[in-house]
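Naming: A, B, ... by sequence-line order, numbering from 1 per chain. Values in this document were obtained by computation on a predicted structure and should not be read as measured data.
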Amino acid sequence: MDSNISQLLKLRREKLSKIIENGINPYPINSQRSHYINEFMTDKETWISSEKPISVCGRLVAMRRQGKLGFGNIEDISGKIQIYVAQNITGEDNYEVFKLCDTGDFVQVEGTLFFTQAGEYSIKVAKITLLSKNLRPLPAVKEKTVDGKVIRYDEFADIELRYRKRYLDLLLNPNHRQVFVLRSNIMKGIRKFLESRDYIEVETPILQPLYGGANARPFTTHHNTLDTDLYLRIALELYLKRLIVGGFERVFELGKNFRNEGMDRTHNPEFTMLELYEAFTDLNGMMELTESLIKFLAKEVIGKDTFTFQGKQVTIAGDWKKASMIDLIKEHTGFDATDFDIDKITAMCKQHKIEIPKGAGAGKMISLLFETFVEDQLIQPTFVTDFPKEISPLAKAKPDNPNLTDRFELLIAGNEFANAFSELNDPLDQRARFEAQAKLKELGDEEANVVDEDFLEALEYGMPPMGGLGIGIDRLIMLLTENDSIKEVILFPQMKPE
RNA sequence: GGUCCAGUAACUCAGUGGUAGAGUAUCUGCCUUUUAAGUAGAGAGUCGAUGGUUCGAGUCCAUCCUGGAUCACCA
């Protein structure tokens with residue numbers, strides 16, 4: 001490629017040869033760690049006065065060599081500490097090893113703890129051992145601490161490089177590594193919360209002969225032995241409901257969904273979804289659960305209840321607002337869609353230049369009005385309820401209004417965070433809903449649901465009344481970690497091939 | 001897909017038509033208490049790509065690539 005980097009690589013390889021010539025194994029099998037670095041960080045005086053020999057393994061992240069002595073910083077998963085390496089302590093031969101070390105090498109240092117003349121808590125190295133030689137120099141990042149604040153220089157900040165070479169981002173930007181630690185903790189928190197409510201965790205197929213449970217275009221793949229096309233799931237819903245038919249009463253799945261659609265700040269083609277189903281409860285149960293779960297995660301994992309998200313202050317404290325979609329439209333526009341009068345609603349859409357898709361009825365248009373006039377105004381957590389039946393093919397209709405379903409979406413900062421309903425368990429009604437969707441598909445709606453005969457058959461065996469909930473986990477993590485782009489909370493976001 | 005912004009050394013960036021630069025990193029010399037930073041020197045770039053305008057293009061124009069923001073589409 002370019003000559004500069006190849007020159008740097010060549011130099012490192014020459015150094016490697018020299019190491020091997022000196023009889024040093026640059027990639028030994030064994031390493032011996034007696035402590036993690038953060039174990040020394042309390043009771044420093046005790047560690048120093050004990051003169052206890054310790055052994056630390058980690059990556060050299062900085063080197064400051066000065067003639068026959070030098071300093072470095074060694075970092076492991078727990079933290080970072082300075083090492084002090086002096087030839088009159090290590091001996092000449094071992095000091096040669098230190099001289100052959102570079103930033104980026106993994107090393108093991110043995111020694112004792114002390115304070116340097118400058119007062120820095122450090123390991124006085126008796127012996128340094130190379131554990132893994134670095135052949136490709138790491139980008140230079142330096143930092144200093146002023147009044148407890150870390151100032152970084154030449155930070156590895158190029159967004160594209162950070163995503164494409166995520167290992168470097170994690171290595172060089174501890175704040176970005178921390179996001180994924182929090183992500184792990186959030187996942188653990190979700191499991192802990194649901195287990196405390198007697199949910200069991202299940203896994204259902206990603207490769208499916210039919211896709212369903214959401215409005216979305218799927219990815220298609222092919223199974224060679226079966227010689228059949230399969231779809232990557234777009235939702236977990238229909239298989240989880242089969243499990244409730246099968247006698248489980250509380251199930252959840254945390255897994256990847258795949259949707260063959262556009263990508264932006266809040267959409268990645270594969271994303272993580274939590275879906276759960278609970279028999280003998282309804283939408284109100286799901287509302288309580290959603291609010292409790294998110295408050296639990298904020299408190300237990302993050303430790304706060306106010307977040308800056310997409311430039312807005314969001315607080316999850318207090319009781320969350322609940323309002324019906326039609327009431328919200330009325331509140332924001334003065335327009336009353338209660339009567340589902342299609343002529344009136346069509347006129348309203350046309351007046352505001354809202355494009356009406358083929359086959360759209362009053363219900364679909366109401367949802368378009370909501371998206372146009374209300375959605376991004378809902379900053380604080382809001383349960384939007386009473387969705388039109390037309391756009392809710394898996395939700396039970398409201399007993400007092402057949403145009404509406406017992407469904408909510410949770411909106412925060414104008415983004416959808418959760419979707420839940422009292423699940424439709426009437427097999428005949430469900431068939432009619434699927435058939436209405438199939439008509440839309442014929443009219444060209446690529447995201448309409450398909451008729452799933454196997455699922456309908458399962459419903460005919462009987463499914464109890466229940467509440468179901470889906471939460472987009474990546475977006476929830478964006479909120480809780482205060483990241484505005486989904487790419488910041490997914491380790492390897494989708495990118496165009498280089 | 002539309003619009004806007006960006007792409008120059010490994011990293012962070014400067015360079016508004018006239019010999020491609022800085023700091024860090026790297027390499028070499030000296031150096032036994034440094035901590036973004038000892039010190040002296042050195043090497044390092046197809047300026048995202050292609051075409052054009054011009055005596056002359058990193059710079060101006062066109063097209064394309066990649067990324068970001070935003071709108072559209074979309075949960």
Side-chain angles (χ1 to χ4, degrees), chain A residues 1-12 14-15 61-73 80-90 95 102-104 114-122 124 136-146 150-165 168 172-173 213-217 234-235 257 259-269 271 273 310-311 354-355 357 367-368 371 375 387 391 409-411 414-419 445-447 470-472 474-475 484-487 493 495-498:
Chain A
M1 261 181 44
D2 69 76
S3 66
N4 183 39
I5 185 69
S6 66
Q7 186 188 352
L8 291 174
L9 296 181
K10 195 169 155 226
L11 282 162
R12 285 286 161 103
E14 283 169 5
K15 212 161 188 175
V61 292
M63 290 271 276
R64 295 177 293 280
R65 224 166 54 71
Q66 308 222 328
K68 293 186 178 61
L69 81 89
F71 298 85
N73 293 92
K80 189 159 76 171
I81 192 168
Q82 177 169 275
I83 61 172
Y84 168 82
V85 189
Q87 194 185 65
N88 64 357
I89 302 171
T90 62
Y95 196 77
D102 291 298
T103 305
F114 81 122
F115 282 118
T116 64
Q117 281 183 12
E120 171 113 1
Y121 190 52
S122 308
K124 186 183 286 178
R136 195 174 281 267
L138 298 170
V141 177
K142 299 205 167 188
E143 59 186 41
K144 72 172 170 184
T145 307
V146 179
V150 177
I151 302 170
R152 313 190 85 219
Y153 299 84
D154 298 337
E155 192 159 12
F156 182 72
D158 183 284
I159 290 175
E160 183 176 354
L161 273 180
R162 282 184 42 232
Y163 297 154
R164 288 194 191 277
K165 309 278 180 203
L168 291 180
L172 299 168
N173 297 322
N215 300 333
R217 279 182 284 166
I234 58 171
N257 283 343
R259 298 188 184 175
N260 207 339
E261 290 164 353
M263 300 152 58
D264 61 28
R265 217 166 41 146
T266 56
H267 297 81
N268 196 60
F271 62 100
M273 189 86 167
Q310 299 188 344
I354 296 170
E355 200 181 319
S367 74
L368 292 173
E371 285 165 22
E375 199 166 51
F387 277 59
I391 57 162
E409 280 190 3
L410 172 64
L411 285 158
N415 290 278
E416 180 201 332
F417 275 75
N419 184 12
D445 183 350
E446 291 184 89
E447 284 145 17
I471 296 180
D474 307 288
R475 286 190 196 166
D484 289 348
S485 169
I486 199 167
K487 287 188 163 88
M495 304 285 279
K496 279 203 185 178
E498 281 181 286

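- Residue-level contact check: A216(A) touches the backbone only, with heavy atoms under 4.0 Å from sugar-phosphate atoms and none from bases.
- Judged by distance alone, with hydrogens and angles left aside, D158(A) brings no side-chain donor or acceptor close enough to the base of G67(B) to form a pair under 3.5 Å.
- The phosphate of C30(B) (OP1 or OP2) has no side-chain N or O of K68(A) nearer than 4.0 angstrom.
- The distance from atom CD of E261(A) to atom NE2 of H267(A), rounded to the nearest 0.5 Å, is 7.0 Å.
- On the C1' atoms, C47(B) is 28 Å away from U70(B), given to the nearest whole Å.
- Following rounding to the nearest Å, F115(A) (CZ) and U34(B) (P) show an atom-to-atom distance of 16 Å.
- The distance from atom CG of N415(A) to atom C1' of U70(B) is 15 Å, rounded to the nearest whole Å.
- Look at the P atom in both C71(B) and U53(B): the space between them is 40 Å, to the nearest Å.
- Nucleotides U59(B) and G7(B) are separated by 12 Å at their P atoms, to the nearest Å.
- Under the Watson-Crick and G-U wobble criteria, each requiring two contacts below 3.5 Å, nucleotide C11(B) is paired to G23(B).
- Between C74(B), U34(B), U32(B), one nucleotide has an atom nearer to the side chain of N88(A) than all others, and that is U32(B).
- Counting non-hydrogen atoms of neighbouring residues, nucleotides and ligands closer than 6.0 angstrom, the CD atom of E14(A) exceeds 12 such neighbours.
- Ranking U12(B), U34(B), U32(B) by closeness to the T116(A) side chain, first place goes to U34(B).
- A gap of 32 Å separates the P atoms of A20(B) and G38(B), to the nearest Å.
- At a cut-off of 3.5 angstrom, the base of U35(B) holds at least one donor-acceptor pair with the side chain of E120(A).
- Distances from the side chain of Q66(A) to the nucleotides U26(B), U34(B), C74(B) place U34(B) closest.
- Atom-to-atom, CZ of R12(A) to P of C27(B) comes out at 6 Å; the value is rounded to the nearest Å.
- Here R164(A) reaches the OP1 or OP2 of G67(B): one of its side-chain N or O atoms lies under 4.0 Å away.
- Summary of the strand contacts: Q82(A) and S485(A) both lie near RNA chain B, and taking for each the nucleotide with the nearest heavy atom, the more 5' one is attributed to Q82(A).
- Searching all strands for a Watson-Crick or G-U wobble partner of A72(B) with both distances below 3.5 Å returns nothing.
- P139(A) pairs in a side chain to side chain contact (heavy atoms under 4.5 Å, CB included) with only one of the listed residues (L161(A), D154(A), L172(A)), which is L172(A).
- As a whole-Å value, the separation of E143(A) CD from U35(B) P is 15 Å.
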(message) Walk me through whether F156(A) and D158(A) qualify under side-chain contact (heavy atoms from CB on, under 4.5 Å).
(response) CA-CA 6 Å; F156(A) 182 72; D158(A) 183 284; 5.9 Å; no

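- Residue E155(A) is classed as a sugar-phosphate contact, given heavy-atom separations below 4.0 Å to backbone atoms only.
- Of the possible polar contacts, one joining the R259(A) side chain to the I234(A) backbone as a donor-acceptor pair under 3.5 Å is found.
- Pairing for G38(B) is with C30(B), a Watson-Crick or G-U wobble pair whose two hydrogen-bonding atom distances lie under 3.5 Å.
- Rounding to the nearest 0.5 Å places CZ of R64(A) at 9.5 Å from OG1 of T103(A).
- E261(A) comes within 4.0 angstrom of the backbone, heavy atoms only, and of no base.
- With the nearest nucleotide of RNA chain B identified for both K487(A) and K15(A), K15(A) has the one nearer the 5' end.
- Across every strand in view, C64(B) sits in a pair with G48(B) that passes the Watson-Crick or G-U test at under 3.5 angstrom.
- A 4.5 Å side-chain heavy-atom check between T266(A) and N415(A) finds at least one atom pair inside the cut-off.
- Residue L161(A) has its side chain nearest to C11(B) when only C11(B), U26(B), U32(B) are considered.
- Counting any heavy atom pair closer than 4.0 Å across all strands shown, R217(A) reaches no nucleic acid atom.
- C61(B) sits 16 Å from U54(B) when the P atoms are compared, rounded to a whole Å.
- Look at the P atom in both U33(B) and A42(B): the space between them is 28 Å, to the nearest Å.
- Checking A36(B), U35(B), U33(B) against every side-chain atom of Y153(A), the shortest atom distance belongs to A36(B).
- Whole-Å rounding puts the K142(A) NZ to U34(B) P distance at 15 Å.
- Using C1' as the reference atom, U16(B) and G29(B) are 42 Å apart when rounded to the nearest Å.
- The phosphate of U35(B) (OP1 or OP2) has no side-chain N or O of K144(A) nearer than 4.0 angstrom.
- Regarding R259(A), its CZ atom lies at a distance of 17 Å from the P atom of C73(B), rounded to whole Å.
- A donor-acceptor pair is defined here as one N or O able to donate and one able to accept, closer than 3.5 Å; such a pair exists between the side chain of R475(A) and the backbone of E416(A).
- Straight-line distance from the CZ atom of F156(A) to the C1' atom of A25(B): 14 Å, rounded to whole Å.
- Among the heavy atoms of the strands lying under 4.0 Å from A157(A) are primed sugar atoms or P, OP1, OP2 only; no base atom is included.
- Distance, F271(A) CZ to C74(B) P: 15 Å, rounded to whole Å.
- Between C55(B) and G15(B), the distance separating the two P atoms is 28 Å to the nearest Å.
- When distances are taken from the side chain of L69(A) to each of C74(B), U32(B), U26(B), the shortest belongs to U32(B).
- Picking from C73(B), U24(B), G67(B) the nucleotide with the shortest atom distance to the side chain of A140(A) gives U24(B).
- Minimum atom distance to the side chain of L11(A) is reached by U26(B), of the listed G68(B), U26(B), C31(B).
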